[in-house]
Colleague: 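Questions regarding the structure given below will be posed in turn.
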Protein chains: 2
Amino acid sequence: MISIQFGNEMLCKEARLALRDAIELLSGKWKICILQQLEFGDKRFKDLQEVVVGISPKVLTKELLELEQNLLITRTVNNTKPITVSYSLTPFALEAQAVYDALLTFGIQQRKRIKEAIAGNGSLQNVAV
Amino acid sequence: MISIQFGNEMLCKEARLALRDAIELLSGKWKICILQQLEFGDKRFKDLQEVVVGISPKVLTKELLELEQNLLITRTVNNTKPITVSYSLTPFALEAQAVYDALLTFGIQQRKRIKEAIAGNGSLQNVAV
DNA sequence: AAGTTTACTTTCCTAAAGGTAAGTGATAAT
DNA sequence: ATTATCACTTACCTTTAGGAAAGTAAACTT
C-alpha cells in the first residue's frame, strides 16, 4: 500500500498524510526535547522547566497539552504537600524515539560538516553555538 | 561523550545543539518531502513543484536554497533549450533518510491511534484528511 | 511578432510560533 | 501574618512561516 515500497514516485495518499501529521506533531523547537527528557523517567512540571533549557512555562504548558492530546504522554496529579503534577510517556511515544535517534545522528554529522565547510570562510550561520 | 549513551539525564551540550540544529533544518512543512522526492532521482524545479503537492514557487526556492547551503542537495544548471535546473541529493542527505523513515513509521501508527481515539467522539482534529 | 516554457522574484498579507513579564490560587512552612 | 513553592494563566508583543498573485527574463517555437 505504501508506494515507497514499490519504488515508484507516487507516495500514496495515506503515506503522504502520515508524514504530514508526524511533521506537524513533532516539528517545532520543543516537542522532541520534552519527549527525550521523559525517556529518562517521569518528570514534574518544574523539572521539565529546568531540564528543557530555555522553555517558558506558557510554552511548556502548550506543548504538554498537545502531546497529551496526541496520546504520547499522560498527566497525573499527585497529592503531595505543595501539589505536583507528573508527566510520563505512553507506550506510543516509543516510536517517536526512533525519530529522536535519527535526528540526533543526523545532527551530529551535520554539525561536523557545516563546521568544516565554514572553517574556510569564518562565518557561523548554520550551527548553534 | 554523548551522555545519552551513559544513560544519565544530562544531554551533553554538543548533543543538545546537534538535536536543535537538526530540528531547525528539517522542521517545517516541506523539507522532508522535498528530500524524499529527490530520493527517487534528480528533479527539475518544475518537477518538484508538481510532485511536492501544494508548494508555491517562492517557498520552493527558499527551501531549496536552505538545503543547498546545508550541503544536502546540489543545484545544477543544464544547457537545454529552455534552460533547466536540476536538483540532486548529496551523499550527506542519506542520513536524513533515516529521519524520514522514522517519521513515516511514527505517522502511520499515530494516525491509526488518533482515528481510533476519535471514533468515539466524532471530531477530527489531529489528523489530516 | 506573438506566445510558450522554465525558473524563478517580488509584493503583500495572514496566521502561528514563540518570547517576556507579571499575575493567580492553592497549600505549606516560618 | 508573611513568605515560599508549585503549576500554571494571562496579556502583550515580535518574529517567522507560509500562502496568493502577479511579474520578470531568457530562450525557443510558431
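Computation of the quantities below employed the complete heavy-atom set of this structure, encompassing side-chain atoms and omitting hydrogens, waters and symmetry-equivalent molecules.
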Colleague: Between B:L26 and B:L35, is any pair of side-chain heavy atoms under 4.5 Å apart?
Modeller: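 B:L26 reaches B:L35 side chain to side chain.
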Colleague: Rounded to whole angstroms, how far apart are CG on A:L64 and P on D:dC8?
Modeller: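 Rounding to the nearest Å, CG of A:L64 and P of D:dC8 are 8 Å apart.
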Colleague: If the condition is side-chain contact (heavy atoms from CB on, under 4.5 Å), which residues does A:T61 pass it with, not counting sequence neighbours?
Modeller: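 Once residues adjacent in sequence are excluded, the partners of A:T61 under the side-chain contact (heavy atoms from CB on, under 4.5 Å) criterion are A:F45.
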Colleague: Could you work out, with side chain to side chain donor-acceptor pair (under 3.5 Å) as the rule, every residue matching B:E66, not counting sequence neighbours?
Modeller: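 For B:E66 the side chain to side chain donor-acceptor pair (under 3.5 Å) partners, ignoring immediate neighbours, are B:K31.
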Colleague: If you only use heavy atoms from C-beta on, which nucleotide in D:dC6, C:dT6, C:dT9 is closest to the side chain of B:R44?
Modeller: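 Minimum distance to the B:R44 side chain belongs to C:dT6.
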Colleague: Report the distance from atom CD of A:E24 to atom P of C:dA16, rounded to the nearest whole Å.
Modeller: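 For the pair A:E24 CD and C:dA16 P, the rounded distance is 11 Å.
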Colleague: To the nearest Å, how far apart are A:D47 CG and D:dC6 P?
Modeller: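 Distance check: A:D47 CG to D:dC6 P gives 9 Å.
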Colleague: With the sugar-phosphate defined as primed atoms, P, OP1 and OP2, and the base as all remaining atoms, what B/S/- string results for nucleotides 13-30 of chain D, 5' to 3', for protein heavy atoms under 4.0 Å?
Modeller: ----SBBB------SS--
Colleague: Could you pull out all residues at least two apart from B:R20 that satisfy salt bridge (charged side-chain N to carboxylate O under 4.0 Å, His left out)?
Modeller: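 With sequence neighbours excluded, B:R20 shows a salt bridge (charged side-chain N to carboxylate O under 4.0 Å, His left out) to no residue whatsoever.
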Colleague: Could you list all the salt bridge (charged side-chain N to carboxylate O under 4.0 Å, His left out) pairs where at least one residue sits in residues 86-99 of chain A, not counting sequence neighbours?
Modeller: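 Residue pairs with at least one partner in residues 86-99 of chain A: A:E95-B:R113.
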Colleague: Rounded to whole angstrom units, what separation is found between the CG atom of A:L65 and the P atom of D:dA7?
Modeller: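 In whole Å, D:dA7 P lies 15 Å from A:L65 CG.
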Colleague: Report the distance from atom CG of A:L25 to atom C1' of C:dA16, rounded to the nearest whole Å.
Modeller: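 One finds 16 Å between C1' of C:dA16 and CG of A:L25, rounded.
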Colleague: Can you tell me if A:R75 touches the phosphate of D:dC8, counting only side-chain N or O atoms and a distance under 4.0 Å to OP1 or OP2?
Modeller: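 Result: yes.
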Colleague: To the nearest Å, give me how far apart CG (B:L60) and P (C:dA7) are.
Modeller: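 Checked: the CG to P distance equals 10 Å.
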Colleague: Check side-chain contact (heavy atoms from CB on, under 4.5 Å) between B:N78 and all other residues, then give those that pass, not counting sequence neighbours.
Modeller: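 B:N78: side-chain contact (heavy atoms from CB on, under 4.5 Å) contacts with B:T76, B:T80, B:T84, B:S86.
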Colleague: Figure out the CZ/P separation between B:F45 and C:dT6, and round it to whole Å.
Modeller: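 Going from CZ in B:F45 over to P in C:dT6 covers 12 Å.
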Colleague: Specify the separation, in whole Å, of atom CG of A:N78 and atom P of D:dC6.
Modeller: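 A:N78 atom CG is separated from D:dC6 atom P by 13 Å.
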